Amino acid sequence: MNNRGWFRNGMLALGLAFLYIPILSMMFFSFNNSRLVTVWDAENSPTLRWYVRLLENDQLLGAAWISVQVAAMTATGAVILGTLAGLVLARFGPFRGRAFLSAMTTAPLVMPEVITGIAMLLLFVSLEQLIGWPEGRGMLTIIIAHITFAMAYVTVVIQSRLAGFDDALEEAALDLGAKPATVFFRITLPLIVPALVSGWLLAFTLSWDDVVISQFVSGPGSSTLPMEIFSRVRRGVSPDINALATIMVLIVAVGVVLSTLYMKREEKRRLREEQMARSGS
Amino acid sequence: MKKALVTLQSLAGKRLVIGVPYVWLLLFFAIPFLIVFKISFSWMQPIQPGYAPLLAWVEETQRFVATLNFSNYQALLQDSLYLSTFLYSVKVAAISTVFCLLVGYPMAYAIARCAPSTRNLLLMLIILPFWTSFLLRVYAWIGLLKTNGVINNTLLALGVIDEPLTLLYTDFAVYIGIVYSYLPFMILPLYSNLEKHDLTLLEAASDLGASPMKAFFKVTLPLSMPGVVAGCLLVFIPAVGEFVIPSLLGRTDQLMIGTVLSAQFFGARNWPVASAVAIVLLLMLLLPILLFQRYQRRELEAAKR
């Protein structure tokens, strides 16, 4: 390895340290007995007292449950709408309004959340004035708002997956007389299953993580977990938030490892099947 | 005849497939902006819904009377607070974007030049923090930066400093927060660009006598410009309107525009002024957003084989 190699790897190592040290430090201090959080109390640490206190905190647990429901429904809705949009943009060729649809699916990727938040809330308020729906704000309005920005991400995932595939298979099936719907369910859908899974997980995470948009469109009694966390951490560091962060990081790490293993297995299976198809068996 | 029927059916099906996401985005993404635009010309009203209607039925004249209120925009222009807030937000976002590029480019470059087997692992390591809570990652920096936080305690223990540095609630803290939160958004487009480079070009440059440094600035950097632009836009645009990071790590004497907008909305409950702020912010970001869309379109077209 030459000098430049060392420089490159050194920068990479520094960057990774920058990414991980804050998270590791947060996890480390969740076992600290001291209320001061970052001043290590060597006598009485490590301790699990903040984890115990966390599990007794019904407000946070309730908010977490709301967040799980919102995120699961958001992810499902976003995958359905995002798959349709991705399919339309990748496969339907030119049609009137295509450019506008494409613009509406990329704008949410970079739109500052405060703008999306205020726009959503004013829409819900106006709709309620106009047709009486949605009545007040709560989980439903949060889910609608989350689906809208999460589906943009799913669309990109699906669109790029479809763009990477040749449409010869679909063409062939159509030529053999299969209905477009049959082609979609029997050919296109199985091909994009990995993209659907990663799209779902991505939408789930985006919803689970969102605080700004939720804050605009939520109502009384529908505080999500990030909203609860935000109102707490604005008052400074608190040891039970460190404990909560540790639990969340561990869940995510396990989830990411599992889904990576799943993707690897799917990819292998696909390659094997392709090989079998080629060998003509 | 049957064929015509099938074509007709598939045409209707096609319309439906296009229609569902289209109508959804139209209703929940495009129309809300028109409503914000409308309300930005309205007056604040203490009763529900919090803003006055623009169009009112006047009994005496038996006519609809439309009234537009430009004072919200006038307030933005005249009040120097708003101007300084907008400028400050752009400054913070721009500086953070530059830092993000300086940190992200070498990392993306290093990953792209790694053995293919380790690339995926490294990319996963970059993305992994992104899957954990954004809010908690920003929160982690409070613990590091505060007066009796990890960094100050470490430096004090090592004897580098005699008294704690003020790190939290400064511009510096906001830069760190933005770089930290948005780094994957910088690295991923850069990586996907750098990974595609033809390395024989560098060999050619070296054969022709260019130093590695010169080859980098003459070949690699210009070729990677689309990735640089995309990464910078993905960081800069949302950072201008950032709300969580400055309210947790930032100064209290100089607010960012996202914070002012939420304060007008939730604190003062002045929805028309908040709407006007949102519209001005949107207009400011329109050009970068259009640029980003152009890049995204090209990227997806290039993915087609």
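On a predicted model such as this, the values are computed, not experimentally measured, just so you know. Just so we're on the same page: letters track the sequence lines, and every chain starts at 1.
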Looking at Val103(B), Leu25(B), Val150(B), Val36(B), which one has more heavy-atom pairs under 4.5 Å with chain A than the rest?
Leu25(B)
Contact part of Ser25(A) toward chain B, heavy-atom cut-off under 4.5 Å: side chain, backbone, both or neither?
side chain
I need the residue from Ile241(A), Val212(A), Thr105(A), Val249(A) with the largest number of non-hydrogen atom pairs under 4.5 Å to chain B.
Ile241(A)
Could you look at Phe265(B) and say if it's the side chain, the backbone, both or neither that has a heavy atom under 4.5 Å from chain A?
side chain
Can you tell which part of Met11(A) gets under 4.5 Å to a heavy atom of chain B, answering side chain, backbone, both or neither?
both
Tell me, out of Ala152(A), Ala181(A), Ala103(A), who's got the most heavy-atom pairs with chain B below 4.5 Å.
Ala103(A)
Could you tell me whether the side chain of Asp209(A) and the main chain of Phe134(B) form a donor-acceptor pair under 3.5 Å?
yes
Does the plane of the ring in Tyr153(A) sit parallel, tilted or perpendicular to the ring in Phe149(A)? Use 30° and 60° as the thresholds.
perpendicular
CZ/Phe185(A): more than 12 non-hydrogen atoms of other groups inside 6.0 Å
no
Side-chain donor-acceptor contact under 3.5 Å, Ser214(A) with Asp210(A)
yes
Identify which part of Phe29(A) has an atom lying under 4.5 Å from any heavy atom of chain B, answering side chain, backbone, both or neither.
side chain
Okay, Asn153(B) and chain A: the region with an atom under 4.5 Å from a heavy atom over there is side chain
Part of Leu162(A) lying under 4.5 Å from any heavy atom of chain B:
neither
Less than 4.5 Å to any heavy atom of chain B: does that hold for the side chain of Val211(A), its backbone, both, or neither?
side chain
Counting only heavy atoms closer than 4.5 Å, note whether Asn242(A) contacts chain B via side chain, backbone, both or neither.
both
For chain A, the option from Phe37(B), Phe130(B), Trp141(B) that forms the most heavy-atom pairs under 4.5 Å
Trp141(B)
Determine yes or no for a side-chain-to-main-chain donor-acceptor pair under 3.5 angstrom, with Arg137(A) supplying the side chain and Ser218(A) the backbone.
no
As an exercise: rank Pro129(B), Ala278(B), Ala108(B), Pro106(B) by heavy-atom pairs under 4.5 Å with chain A and give me the winner.
Pro129(B)
Please lay out, stage by stage, how Leu122(A) and Ser275(B) fare under the test side-chain contact (heavy atoms from CB on, under 4.5 Å).
CA-CA 9 Å; Leu122(A) 292 179; Ser275(B) 302; 3.4 Å; yes
Counting only N and O atoms by type, is there a donor-acceptor contact under 3.5 Å from the side chain of Ser247(B) to the main-chain atoms of Phe243(B)?
yes
Just so I understand: if I count every heavy-atom pair under 4.5 Å between each of Lys146(B), Arg137(B), Glu242(B), Arg297(B) and chain A, which residue has the most?
Lys146(B)
Quick one: does Ser30(A)'s side chain have a donor or acceptor within less than 3.5 Å of a partner on Thr246(A)'s backbone?
no
Is the distance between the ring centroids of Phe29(B) and Phe33(B) less than 6.0 Å?
yes
Any donor-acceptor pair under 3.5 Å from Arg98(A) side chain to Leu89(A) backbone
yes
Best-contacting candidate, Leu234(B), Leu125(B), Val244(B), against chain A by heavy atom pairs under 4.5 angstrom:
Leu125(B)
Heavy-atom distances under 4.5 Å only: say whether Ile18(B) touches chain A with side chain, backbone, both or neither.
both
Under a 3.5 Å distance rule, please check whether Thr132(B) uses its side chain to pair with a backbone N or O of Leu128(B) as donor and acceptor.
no
Indicate yes or no for a side-chain donor-acceptor contact from Ser181(B) to the backbone of Gly177(B) under 3.5 Å, with no hydrogens or angles considered.
yes
The interface call for Phe216(A) against chain B, heavy-atom contacts under 4.5 Å, is both
Heavy-atom distance under 4.5 Å to chain B: side chain of Phe124(A), backbone, both or neither?
side chain
Of the listed residues (Pro22(A), Ala13(A), Pro112(A)), which shares the most heavy-atom pairs with chain B below a 4.5 Å separation?
Pro22(A)
Arg113(B) to Tyr109(B) six-membered ring, cation-pi geometry met (6.0 Å, 45°):
yes
Please tell me whether Thr106(A) and Gln293(B) have a donor and an acceptor in their side chains that are separated by less than 3.5 angstrom.
yes
Part of Leu34(B) lying under 4.5 Å from any heavy atom of chain A
neither
Based on non-hydrogen pairs under 4.5 Å, which of Ile118(A), Val88(A), Leu84(A) is most in contact with chain B?
Ile118(A)
Report which part of Met104(A) has an atom under 4.5 Å of a heavy atom belonging to chain B: side chain, backbone, both, or neither.
both
May I have the step-by-step check of side-chain contact (heavy atoms from CB on, under 4.5 Å) for Leu168(B) and Thr147(B), ending in yes or no?
CA-CA 7 Å; Leu168(B) 193 58; Thr147(B) 315; over 6 Å; no
Please look at Met27(A) and chain B and tell me whether the side chain, the backbone, both or neither of the residue comes under 4.5 angstrom of a heavy atom of that chain.
neither
Taking every heavy-atom pair that is under 4.5 Å apart, which of Ile21(A), Leu87(A), Thr83(A), Ile144(A) has the most such pairs with chain B?
Ile144(A)
Report which part of Leu26(B) has an atom under 4.5 Å of a heavy atom belonging to chain A: side chain, backbone, both, or neither.
both
Verify, without hydrogens or angle tests, whether Ser67(A) (side chain) and Leu225(A) (backbone) share a donor-acceptor contact under 3.5 angstrom.
yes
Scored by heavy-atom pairs under 4.5 Å with chain A, the best of Phe236(B), Tyr180(B), Phe28(B) is Tyr180(B)
Could you walk me through whether Met248(A) and Leu244(A) satisfy the side-chain contact (heavy atoms from CB on, under 4.5 Å) test, starting with their C-alpha distance in whole Å, then the side-chain angles of each, then the deciding distance to 0.1 Å, before giving a yes or no?
CA-CA 6 Å; Met248(A) 281 168 70; Leu244(A) 179 68; 4.0 Å; yes
Sort Leu282(B) into side chain, backbone, both or neither according to what part of it lies under 4.5 angstrom from a heavy atom of chain A.
both
Ranked by heavy-atom pairs below 4.5 Å to chain B, first place among Gly82(A), Gly97(A), Gly255(A), Ala253(A) goes to Gly97(A)
Please check if atom CZ in Phe99(B) has more than 12 non-hydrogen atoms from other residues, nucleotides or ligands closer than 6.0 Å.
no
Does any backbone or side-chain atom of Ile80(A) lie under 4.5 Å from a heavy atom of chain B? Answer side chain, backbone, both or neither.
neither
Please look at Gln159(A) and chain B and tell me whether the side chain, the backbone, both or neither of the residue comes under 4.5 angstrom of a heavy atom of that chain.
both
Measure distances from Glu128(A) to the heavy atoms of chain B and classify the residue's part below 4.5 Å as side chain, backbone, both or neither.
neither
